[in-house]
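Each remark here refers to the structure printed beneath this line.
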Amino acid sequence: MIVTTKQLFEHAYGKYALGAYNINNAEQVMGLFRGCIQSEAPFVLQISRGARAYTDKRFLEGMILAADEVFPDSVFAVHLDHGDEETCYDCIESGFYSSVMIDASFYPFEENIAITKRVVERAHANGVSVEAELGQLGGVEEDISVAEDQVHLTEPEQAAEFIERAGCDSLACAIGTSHGAFKFSGSQSLHFEIIEAIQELVPGFPLVMHGSSSVPQEEIERINAAGGGIKGARGVDPKQYLPAAKLGVCKINIDTDGRLVWTRVHREYFRDHPEVFDFRKPGTVFIEEYANFIASRNELLGSVGQLGEVRTALNS
Ligand code: 13P
């Protein structure tokens, strides 16, 4: 069942966070739905602009609608990740997306508000939720690369003003994470004081944490042992997910970790089975491993076992 992120956040706020997982192909869709059903967790399915262009946005819609039929107990939002204004309107008008992110965080404050407000008006008129972003995360997210010296953390007072004036339903805040597999050069520092301060200023308002992959070191070692060349990769301590959720972070974005599972499975598979050229064989392993990975993240996010209650809340 496709619902809005707003509906999911109402149930999750202050208790747990929804995993927001990016999908690009059929194997990821299968693994994601299996993992969430296995762990009885509601979730956010994210589609980036890059994913829409990879095959064709209509393939993604087709696969997701099929998954909704194959897994009729699932409860999820279909969310555009890091949209520009034009892509947001395309998704809002498609009647398929239940949530969009307008990322105008690289514009000056007033312009970010103006753009977000325009998207909010159109989205709300169509029953679609809107996530906005204030502050600037570092790292590489598809075609956007933000250098370390351009990173700026979200200012709590500005966040409160932004939320009030832009009218968005949730806000992605920069608290020290970054996109991609290379998050911290020194020791990990997440600025929980920023989310605490925003929660105090705007109690009950859902916050979002981007750049949350944990980049498991075992995964990196296995990839490199199977011929990969990923050096110095580091991620967020996943034990931080739940404390963040208790402070009002309702959505935690995890994309890179899924790519690492894919890379490890395929590198190891073809190393160990050099005679194989049937892509369904590693594909089958990937679906299972990705489902297990998703279930393990849902456990850390606290969303495990929430599906029944969410369904009841949505039906009441
Ligand atoms: P990661 O690169 O840490 O997975 O973050 C993904 C993300 O925030 C997508 O919006």
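Both counts, for ligands and for their atoms, begin at 1 and track the order of listing. Quick caveat: nothing in here was measured; it's all calculated off a predicted structure.
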Looking only at side chains, do [X] and [Y] share a donor and an acceptor under 3.5 Å apart?
{"X": "Ser303", "Y": "Gln306", "answer": "no"}
{"X": "Asp169", "Y": "His124", "answer": "yes"}
{"X": "Glu133", "Y": "Asn112", "answer": "no"}
{"X": "Ser214", "Y": "Arg297", "answer": "yes"}
{"X": "Tyr97", "Y": "Asn126", "answer": "no"}

Would you mind listing which atoms of ligand 1 come within a distance below 4.0 Å of any non-hydrogen atom of [X]?
{"X": "Lys183", "value": "1 (P), 2 (O), 3 (O)"}
{"X": "Ser212", "value": "3 (O), 5 (O)"}
{"X": "Ile254", "value": "4 (O)"}
{"X": "His82", "value": "10 (O)"}
{"X": "His210", "value": "8 (O), 10 (O)"}
{"X": "Gly211", "value": "1 (P), 3 (O), 5 (O), 7 (C), 8 (O)"}

Task: Check: His179 N/O within less than 3.5 Å of ligand 1 N/O - done: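 Between His179 and ligand 1 (N or O atoms, distance only) the closest approach is under 3.5 Å.
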
Open item on the list: Any nitrogen or oxygen of Gly180 lying under 3.5 Å from a nitrogen or oxygen in ligand 1? Just yes or no.
Closed with: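 Among all N and O atoms of Gly180, at least one is under 3.5 Å from an N or O of ligand 1.
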
Open item on the list: Counting C-beta onward and ignoring hydrogens, is there a side-chain heavy-atom pair between Phe96 and Leu65 closer than 4.5 Å?
Closed with: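 Yes, close enough: below the 4.5 Å cut-off.
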
Open item on the list: Using heavy atoms and a 4.0 Å limit, tell me yes or no: is Met101 in contact with ligand 1?
Closed with: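 No; Met101 lies far enough from ligand 1 that no heavy-atom distance drops under 4.0 Å.
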
TODO: Pick one of side chain, backbone, both or neither for how Thr256 approaches ligand 1, counting any non-hydrogen atom pair under 4.0 Å.
DONE: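 Both parts.
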
Open item on the list: Applying side-chain hydrogen bond (donor to acceptor under 3.5 Å, both in side chains), can you list everything that pairs with Asn315, at least two apart in sequence or on another chain?
Closed with: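 Listed in chain order: nothing, the list is empty.
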
